[in-house]
Amino acid sequence: MPALTADFFARPAVEVAPDLLGCVLQRAGAREPRVGRIVEVEAYLGDGSDPASHAHSGPTPRNRSMFGPPGRFYVYRSMGIHHCLNIVCQPQGEGAAVLIRALEPLRGLAIIRRLRSGRESDLTNGPGKLCQAFGVDLRFDGRSATRGELFVCTGTTAPERPIRRSPRIGISKATELRYRFFEADNPHVTPHR
DNA sequence: CCATAGATTGACT
DNA sequence: GTCAATCTATGGA
């Protein structure tokens with residue numbers, strides 16, 4: 001299937017986010033390729049209306065790529081330990097992005113199981129977990145999400161489950177904003193909350 | 001300078 | 001349920 005284009009991401013993040021459900025993240029270039037279907041995302045805005053967004057206080061060395069061109073990755077280290085994978089949206093300079101929160105693994109289960117333990121539904125059902133499983137780290141920060149070793153392409157199947165919407169997970173500000181989108185009844189989305 | 005919170009996870013009581 | 005790991009950024013003294 002074709003890779004997504006920068007145009008796809010040059011739209012409001014709350015529109016891009018649900019459209020990413022069912023699209024596919026591909027890890028190439030590594031010794032063992034991995035493919036995962038996106039099943040859970042969250043939008044973070046940069047227009048000042050979203051105090052939970054890393055962009056809310058303007059650019060810093062860490063969030064710099066959030067303010068770069070759309071269609072590139074913003075990867076940051078969370079709690080000093082884990083990595084989280086975003087894709088920049090909207091015109092350059094606005095600071096909006098979509099966080100990839102969970103995948104349904106389609107290919108590369110062998111290497112993924114070597115990198116992470118647990119049941120299949122526990123391998124990529126969280127932003128830090130999927131980065132571990134797909135070998136995503138700060139090297140990918142600022143790189144293109146439409147080509148290269150890590151990129152997103154359109155899904156091979158239409159969404160077979162309804163899309164649900166909810167407040168975002170793990171934040172304490174702007175909890176009234178329902179910018180989380182996920183596939184209903186998919187066992188690979190984030191548990192509890 | 002120091003304290004604290006954070007788009008998380010896994011280990012433990 | 002609680003809590004620590006470890007790094008970045010912010011806000012106050």
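Proteins come first, then strands; the chains are lettered A, B, ... in the order of their sequence lines, and each starts at number 1. Because the structure is predicted, anything quoted here is derived from the model rather than measured.
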Note to self: Taking only the P atom of each, what is the distance from C/dT6 to B/dC1 in whole angstrom?
What the structure shows: 22 Å
Margin query: Taking the C1' atom in each of B/dA7 and C/dG1, what is the distance between them to the nearest angstrom?
Written below: 23 Å
Notebook entry, point to check: Do any side-chain nitrogens or oxygens of A/Ser172 fall under 4.0 Å of OP1 or OP2 in B/dG6?
Noted result: yes
Next item on the list: Ignoring backbone atoms, establish whether A/Arg116 has a side-chain N or O less than 4.0 Å from OP1 or OP2 of B/dG10.
Entry: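 Indeed, a polar side-chain atom of A/Arg116 lies that close.
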Margin query: Please identify which of these residues, A/Ile100, A/Leu20, A/Thr146, A/Val24, meets the side chain to side chain contact (heavy atoms under 4.5 Å, CB included) condition with A/Val152.
Written below: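 Exactly one candidate clears the test, A/Leu20.
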Separation of [X] atom [atom1] from [N] atom [atom2], in whole Å?
| X | N | atom1 | atom2 | value |
| --- | --- | --- | --- | --- |
| A/Leu99 | B/dT9 | CG | P | 10 Å |
| A/Arg119 | B/dT9 | CZ | P | 18 Å |
| A/Leu85 | B/dT9 | CG | P | 13 Å |
| A/Leu115 | B/dT9 | CG | P | 16 Å |
| A/Ile171 | B/dG6 | CD1 | P | 10 Å |
| A/Leu123 | B/dG10 | CG | P | 10 Å |
| A/Tyr44 | B/dG6 | OH | C1' | 11 Å |
| A/Phe181 | B/dA7 | CZ | C1' | 15 Å |

Next item on the list: Grab the stems for DNA chain C, please: at least three consecutive Watson-Crick or wobble pairs, both distances below 3.5 Å, written as range with range.
Entry: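 Only these stems qualify: B:1-6 with C:7-12, B:8-12 with C:1-5.
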Under 6.0 Å from the [atom1] atom of [X], do we count more than 12 heavy atoms belonging to anything else shown?
| X | atom1 | answer |
| --- | --- | --- |
| A/Arg116 | CZ | yes |
| A/Arg72 | CZ | no |
| A/Arg143 | CZ | yes |
| A/Arg64 | CZ | no |

Checklist line | Six-ring centre of A/Phe151, A/Arg27 cation under 6.0 angstrom, axis tolerance 45° | finding: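 Relative to the ring axis of A/Phe151, which defines the angle, A/Arg27 lies outside at least one limit.
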Margin query: Is the positively charged end of A/Arg180 above the ring of A/Phe182, judged by distance under 6.0 angstrom from the centroid and angle within 45° of the axis?
Written below: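 Output yes; distance and angle both within limits.
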Checklist line | Check against ring-ring contact (aromatic ring centres under 6.0 Å, His included), A/Tyr76 and A/His54 | finding: CA-CA 10 Å; A/Tyr76 70 93; A/His54 285 178; 4.5 Å; yes
Item checked: A/Ser49 and A/Asp47: side chain donor to acceptor below 3.5 Å -> yes
Next item on the list: Let me know, please, whether A/Gly170 or A/Asp122 comes out on the 5' side of the other along DNA chain B by nearest nucleotide.
Entry: A/Gly170
Margin query: Reading DNA chain B from 5' onward, which residue's closest nucleotide shows up sooner: A/Ser117 or A/Lys173?
Written below: A/Lys173
Next item on the list: Identify whether a stacking contact exists between A/Tyr76 and B/dA7, where the ring centres must be under 5.5 Å apart and the planes under 30° apart.
Entry: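 Here the ring of A/Tyr76 and the base of B/dA7 are not stacked, as the 5.5 Å and 30° limits are not both satisfied.
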Item checked: Residue pair A/His188 / A/Pro105, side-chain heavy-atom distance below 4.5 Å -> yes
Next item on the list: Would you give a per-nucleotide map of nucleotides 5-13 of chain C, 5' to 3', where B means the base has a protein non-hydrogen atom under 4.0 Å away, S means only the sugar-phosphate does, and - means neither?
Entry: BBBSSS---
